Protein chains: 4
Amino acid sequence: MPRLTPERREAKRAEIVAAARRCFSRDGFHQTSMPDIAAEAGVSAGAPYRYFAGKDEIILAIAGDAFRLVFAPIQELAAASAAPSVADLVTASLQALSAETVTDAAGHDVPVEELLRCAVQTWSELLRNDTAQAHALDGFESVRGSIADALRRGQAAGTVAPAVDPERGARVVMGLLHGFLLQRVAFGLTDTAAFTGDIRTLLPEG
Amino acid sequence: MPRLTPERREAKRAEIVAAARRCFSRDGFHQTSMPDIAAEAGVSAGAPYRYFAGKDEIILAIAGDAFRLVFAPIQELAAASAAPSVADLVTASLQALSAETVTDAAGHDVPVEELLRCAVQTWSELLRNDTAQAHALDGFESVRGSIADALRRGQAAGTVAPAVDPERGARVVMGLLHGFLLQRVAFGLTDTAAFTGDIRTLLPEG
Amino acid sequence: MPRLTPERREAKRAEIVAAARRCFSRDGFHQTSMPDIAAEAGVSAGAPYRYFAGKDEIILAIAGDAFRLVFAPIQELAAASAAPSVADLVTASLQALSAETVTDAAGHDVPVEELLRCAVQTWSELLRNDTAQAHALDGFESVRGSIADALRRGQAAGTVAPAVDPERGARVVMGLLHGFLLQRVAFGLTDTAAFTGDIRTLLPEG
Amino acid sequence: MPRLTPERREAKRAEIVAAARRCFSRDGFHQTSMPDIAAEAGVSAGAPYRYFAGKDEIILAIAGDAFRLVFAPIQELAAASAAPSVADLVTASLQALSAETVTDAAGHDVPVEELLRCAVQTWSELLRNDTAQAHALDGFESVRGSIADALRRGQAAGTVAPAVDPERGARVVMGLLHGFLLQRVAFGLTDTAAFTGDIRTLLPEG
DNA sequence: CATGAATGAGCATTCATTCAT
DNA sequence: TATGAATGAATGCTCATTCAT
């Protein structure tokens, strides 16, 4: 007879993740202590260890969330849209990240700003953690595949130049996304419209 | 001991910076302790404090180096080239970072891989350090200005589409650079030629 | 572990204070390290930080204890005695400090020798800590007030010369106490009876 | 052929002592580092070691100066005055310490405030340094002897009560001096006149 | 003689993690 | 199941002292 129902367990785990995300966004991964997270979540110092093996596991959970949520819009668009141009893909993705919050798979609202601040920190972790890098690369390739498919449809429809290699072109699209996120979060350049506008100018259809 | 000549002092400082860069590249800013740096440099635990006020100052020195060296090629190109296209700028910049080492202002060879691994970690620091962010933004705008000038010349020469806003287009160029660097270092995608090739395809001249 | 009862928490705090007092008495405030205190108390290096914010807070706690316990006897006497003479006040106070131990407000026995050795060191701290000095002065004035009241009663009863200003006379009484304590602890002059005897001779009643 | 004449050596030593006294008075013995002293004296970090074996020796030198200068006035008075009363001795001694500066044996002016602040810190050192305590006790007994002599002359002249034991009475006098100095420096009670006034009232002549 | 760079042991403090209750 | 007290290794940094020049 589990005292803790799976639903309640999941809810508490999500609270801890949300607390950690707030701390990480505010103070950084390495300036946040486990007691900080527990206090922010309003639980005891030992509680997070019943949901995560340690601090690294919390970081990885948030890293995964960040990756998925950042690329969810472009994946949806790549799947849904008949024949998007490159600029369409980038624009739609960045506009989705202009909202205050996005909703994760479990239905929780996640502040975009927090998410992106964690995402940038995540990149540093990938340098030192081969497992994480492998997972991240899997995710990256999956998103790249979706985008490549969309580019192929775009080529068929004439909205993407035929000379573009879809796999490699998809990599450029992801580079543009990451590049913009970095400018927004680390350099304070938040003007999404200006960025997407010039992408449209620089990357002509067909 | 007699007074250290400024040259020898500078040389020793550079050794400590180089040691720190190796440690940071290998283990990360926050997994590297000051004793680690001292040991790597072959000096006593107290020695780095004669050259830097503390660990943060070492990180900032390396952050500055990383920023300057990453953008040095594109700035040179922007200044030197008569009328580069957007793809020319990106390509030349990334090719410069395909070398094993680059040479800093003091004439020391710096391994590119180390440099880029530090650069990515630097981005995380910008989130929590307003002073550093302000400096970084200054540098960013300076590079952006150079690129914008080059784009203007390109527009005059017809190698850059007249509809492009030079300042904002320069931001897209920098986004592409950062996006590629991230893919290379954090995701292990090192194929520079493939990336630049598709940039050429996606961003037509004129 | 379950929650520590306030009683046990207080007991453990008192153990740490007692350990610190032994260390301070033996080695001095500044020659005693936090690990020394922890080891003397038989706890881990981190434990004292759960009870005190840092070393300074331990020093201040002991400084306050020392001040209170040194002056407790004279304050009691000043309150209790109908019409003490000046010599009565000094004598009774110093005799109370001739015991091996005194009992603090929480009921713990504190070795007098340790206490006085800490008291003398406390004085040095007052020079550099304005907050501590202000607190100490408050305590000083409070004790002075008690003594002054007693002197007034003594004047009414004829055991204290009418020309004495009670507030200022109280200051002289405290000077005598401090002066004796210093001689005892710093110069090794422990003969309380000789000191009080001559005070009686030098300070005639009425 | 000594490059450094004894006079110049002595002068430089005195400069270092004066610098140390300023530092100690301002920051305390243990918060002052040797580099601090060297910097305050305007000499190199190694220079003090050519005049003192280490920090402790500087502290001891200043401790000795402080002791001598604090008691110099009362010793002079005890020697010079025909038949001083107890209050005369205390009063004259404290009045001498009301000046801005006193002059040491080598003819240097020493700020009284600095001197007294060092004196109080000196007392803490005596607790942990048996050699220093022995020296201090020698000095103490020497001063006590002078005062005792003066008290004997006072008894012969009728200005000191015949019942007073001169040696022990001298101890009370010194206690009053130390007690006042402590109040002045550590508690901020600087009103010398009030203190001496009440001593005169409390300690009647004859 | 004087310099000041270098040393390296030592310190106050933090924090990820454990586990008795 | 949850708590939160306890641990103890590790960290960034300081500083008394030395000694090569």
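Basis for what follows: all heavy atoms, side chains included, without hydrogens, waters or symmetry-related copies. The model shown is predicted, which means the values in this text are computed figures rather than measured ones. In what follows, chains carry the letters A, B, and so on, assigned in the order in which the sequence lines appear, proteins first and then strands, with residues in each chain numbered from 1.
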Query raised in the report: Counting only heavy atoms not in A/Arg8, do more than 12 sit closer than 6.0 Å to its CZ atom?
Result: no
Query - Nucleotide forming a Watson-Crick or wobble pair with F/dG4, both distances under 3.5 Å - result: E/dC19
Report summary line: Note: D/Arg117 and D/Ser25 closest approach over all heavy atoms is NE-O, 2.8 Å
Requested in this report: Please step through side chain to side chain contact (heavy atoms under 4.5 Å, CB included) for the pair D/Ile62 and D/Phe24, ending with a clear verdict.
Outcome: CA-CA 10 Å; D/Ile62 286 177; D/Phe24 291 160; 3.6 Å; yes
Query raised in the report: Using a cut-off of less than 4.0 Å, is there contact between a side-chain N or O of C/Lys12 and OP1 or OP2 of F/dA6?
Result: yes
Report task. Taking only the side-chain nitrogens and oxygens of B/Ser44, find out if one of them lies under 4.0 Å from OP1 or OP2 of E/dT7. Result -> yes
Requested in this report: Give a yes/no answer on whether the side chain of C/Arg50 brings an N or O atom under 4.0 Å of OP1 or OP2 in F/dA5.
Outcome: yes
Query raised in the report: C/Arg26 and side-chain hydrogen bond (donor to acceptor under 3.5 Å, both in side chains): which partner among C/Glu40, C/Gln31, C/Glu114?
Result: C/Glu40
Query raised in the report: Across the strands shown, which category fits D/Phe52 at heavy-atom distances under 4.0 angstrom: base, sugar-phosphate, nothing?
Result: nothing
Query raised in the report: For A/His135, does the NE2 atom have more than 12 heavy-atom neighbours from other residues, nucleotides or ligands under 6.0 Å away?
Result: no
Requested in this report: Encode nucleotides 11-18 of chain E as B, S and - characters from 5' to 3', where the letter depends on protein heavy atoms closer than 4.0 Å: B to the base, S only to sugar-phosphate, - to neither.
Outcome: SSBBSSBB
Query raised in the report: Atom CZ of A/Arg13 to atom P of F/dA2: distance rounded to whole Å?
Result: 15 Å
Query raised in the report: Pick the nucleotide of DNA chain E nearest each of D/Val43 and B/Gly42; which residue has the one closer to the 5' end?
Result: D/Val43
Query - Test side-chain hydrogen bond (donor to acceptor under 3.5 Å, both in side chains) applied to B/His108 and B/Glu15, step by step - result: CA-CA 10 Å; B/His108 303 104; B/Glu15 272 176 44; over 6 Å; no
Query raised in the report: Which nucleotide in the set E/dA2, F/dA6, E/dA6 lies at the smallest distance from any side-chain heavy atom of B/Tyr51?
Result: E/dA6
**Report entry** Euclidean distance, atom CD1 of residue C/Ile16 to atom C1' of F/dA5 [Å, nearest integer]
**Finding:** 12 Å
Query raised in the report: D/Ile59 CD1 to F/dA16 C1': how many Å, rounded?
Result: 12 Å
